[in-house]
Amino acid sequence: MAFLHFSNMLRVGLSLAALFVLGAFLISCVFIVRSFDSFADKQEVSLTLDTNDPNLFSTIHAVKAGYEDGRDDKPLPRRRYPLPKLQANVGSFELLADPQAPLLRYQEPNPWKRWTLLCLGASDQELSLAWVLYFALGSWLLLQLLLDVTPTTPFTFANARRLRGLGLLVLGLDLVQEVAYLMVRALVPAFQTPGLAEPLSHYVRFSTETTLPGWEVGVLLLIIAAVYRRGVELSQEAELTI
């Protein structure tokens, strides 16, 4: 009975993994189409902002803000660096929508800069090269992992390597995101607006902040991979002993 239950769960997992791989292919096609659009005649760039904290090392800024709020006995949470009002046209750029989370729009004549902003996930189109790679590679590794699993041999060294690879992928993408913020600060003009201490480029947010797992998930996957590998070693040692 347990054997049938495991086989059924394995078939369901394989079906889902195959759907993920298909979805990754379709998303990759959409990203390619968006990339071509970046090189089209439309020069407008639309970026999502979060004016509470600068994007680089935002955790440090949040901790500092919390300390200052507690020291000054101010209620939490307190909005940091709010825009005083919505400004529709300021020089060569526009701020649209909610003043606390506006869209920054401006004209960027360089198509390579527009494409790079799309790849980084700075565009408001909820798509990025990092997310496409994570979803595609993660789905492929999951499919290969399940294909390598059988009711008689559920644990293999190859799957331990796949789990480790997925963990390193998550950690690598999390690190790349911090570097990407430096690139955004260099690519986006240093637009200034009253009420913000730093240029608007320091408040651009990536779509990957909500679609990619954090470094904690990567560390957890590495730990699981190490435990998994040790389980395979113990299993093989037990078979040799018998």
Side-chain angles (χ1 to χ4, degrees), residues 27-28 30-40 42-62 64-65 77-135 170 173-215 217:
I27 292 172
S28 300
V30 172
F31 182 81
I32 293 174
V33 173
R34 295 280 178 82
S35 295
F36 280 110
D37 290 342
S38 299
F39 289 92
K42 183 180 179 181
Q43 297 184 2
E44 183 181 89
V45 172
S46 182
L47 309 178
T48 302
L49 303 180
D50 182 351
T51 58
N52 294 320
D53 294 296
N55 47 31
L56 198 60
F57 305 118
S58 58
T59 301
I60 297 177
H61 287 281
K64 181 176 179 292
R78 178 163 63 94
R79 305 295 279 181
R80 311 287 296 184
Y81 312 108
L83 290 177
K85 61 180 180 179
L86 182 64
Q87 303 182 47
N89 294 282
V90 183
S92 57
F93 68 94
E94 294 180 335
L95 288 174
L96 305 177
D98 184 356
Q100 293 293 346
L103 287 177
L104 168 64
R105 290 184 179 178
Y106 65 97
Q107 298 296 314
E108 176 53 71
N110 189 324
W112 289 104
K113 287 187 178 182
R114 297 197 299 268
W115 179 74
T116 302
L117 290 171
L118 172 67
C119 291
L120 294 177
S123 173
D124 65 336
Q125 300 180 18
E126 299 295 330
L127 198 62
S128 69
L129 180 59
W131 190 83
V132 172
L133 288 176
Y134 167 74
F135 191 70
V170 172
L173 291 176
D174 189 74
L175 178 61
V176 167
Q177 181 164 279
E178 295 299 326
V179 177
Y181 279 129
L182 291 174
M183 296 179 63
V184 166
R185 294 185 177 199
L187 291 170
V188 178
F191 298 126
Q192 295 280 358
T193 187
L196 291 179
E198 301 181 28
L200 290 176
S201 59
H202 291 197
Y203 301 94
V204 174
R205 295 297 179 183
F206 294 158
S207 59
T208 50
E209 288 190 5
T210 56
T211 56
L212 283 180
W215 62 268
V217 177

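These values consider heavy atoms only, across backbone and side chains, with no hydrogens, waters or symmetry-generated copies.
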> Angle class for the Trp115/Phe39 ring planes (parallel below 30°, perpendicular above 60°, tilted otherwise)?
Replying inline: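 Tilted: the ring planes of Trp115 and Phe39 meet at 30° to 60°.
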
>> Tell me every residue that passes ring-ring contact (aromatic ring centres under 6.0 Å, His included) with Tyr106, counting only those two or more places apart in sequence or in another chain.
In response: Phe191

>> For Phe135, give me all partners under ring-ring contact (aromatic ring centres under 6.0 Å, His included), at least two apart in sequence or on another chain.
In response: Trp131

> Do any N or O atoms from the side chain of Arg205 and from the backbone of Thr48 form a donor-acceptor pair under 3.5 angstrom?
Replying inline: no

Taking side chain to side chain contact (heavy atoms under 4.5 Å, CB included) as the test, write out the residues that go with [X], two or more places apart.
| X | answer |
| --- | --- |
| Gln107 | Gln43, Glu44 |
| Pro199 | Ala190, Gln192, Ser201, His202 |
| Leu133 | Leu129 |
| Ser28 | Val132 |

>> Could you tell me if the side chain of Leu200 sits less than 4.5 Å from the side chain of Val188, heavy atoms only?
In response: no

>> Within the 4.5 Å heavy-atom criterion, are Phe31 and Leu118 side-chain neighbours or not?
In response: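 Yes - at least one pair of side-chain heavy atoms lies under 4.5 Å apart.
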
[X] versus [Y], closest heavy-atom pair with distance:
| X | Y | result |
| --- | --- | --- |
| Glu108 | Leu187 | OE1-O, 4.3 Å |
| Ala122 | Val204 | CB-CG1, 3.9 Å |
| Ser128 | Leu120 | CB-C, 4.0 Å |

>> How long is the straight-line distance from OG1 of Thr116 back to CG of Asn110, given to the nearest 0.5 Å?
In response: 8.0 Å

>> Please report the interatomic distance CZ(Phe206) to CG(Leu117), rounded to the nearest 0.5 Å.
In response: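 The CG atom of Leu117 is 8.5 Å from CZ of Phe206, to the nearest 0.5 Å.
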
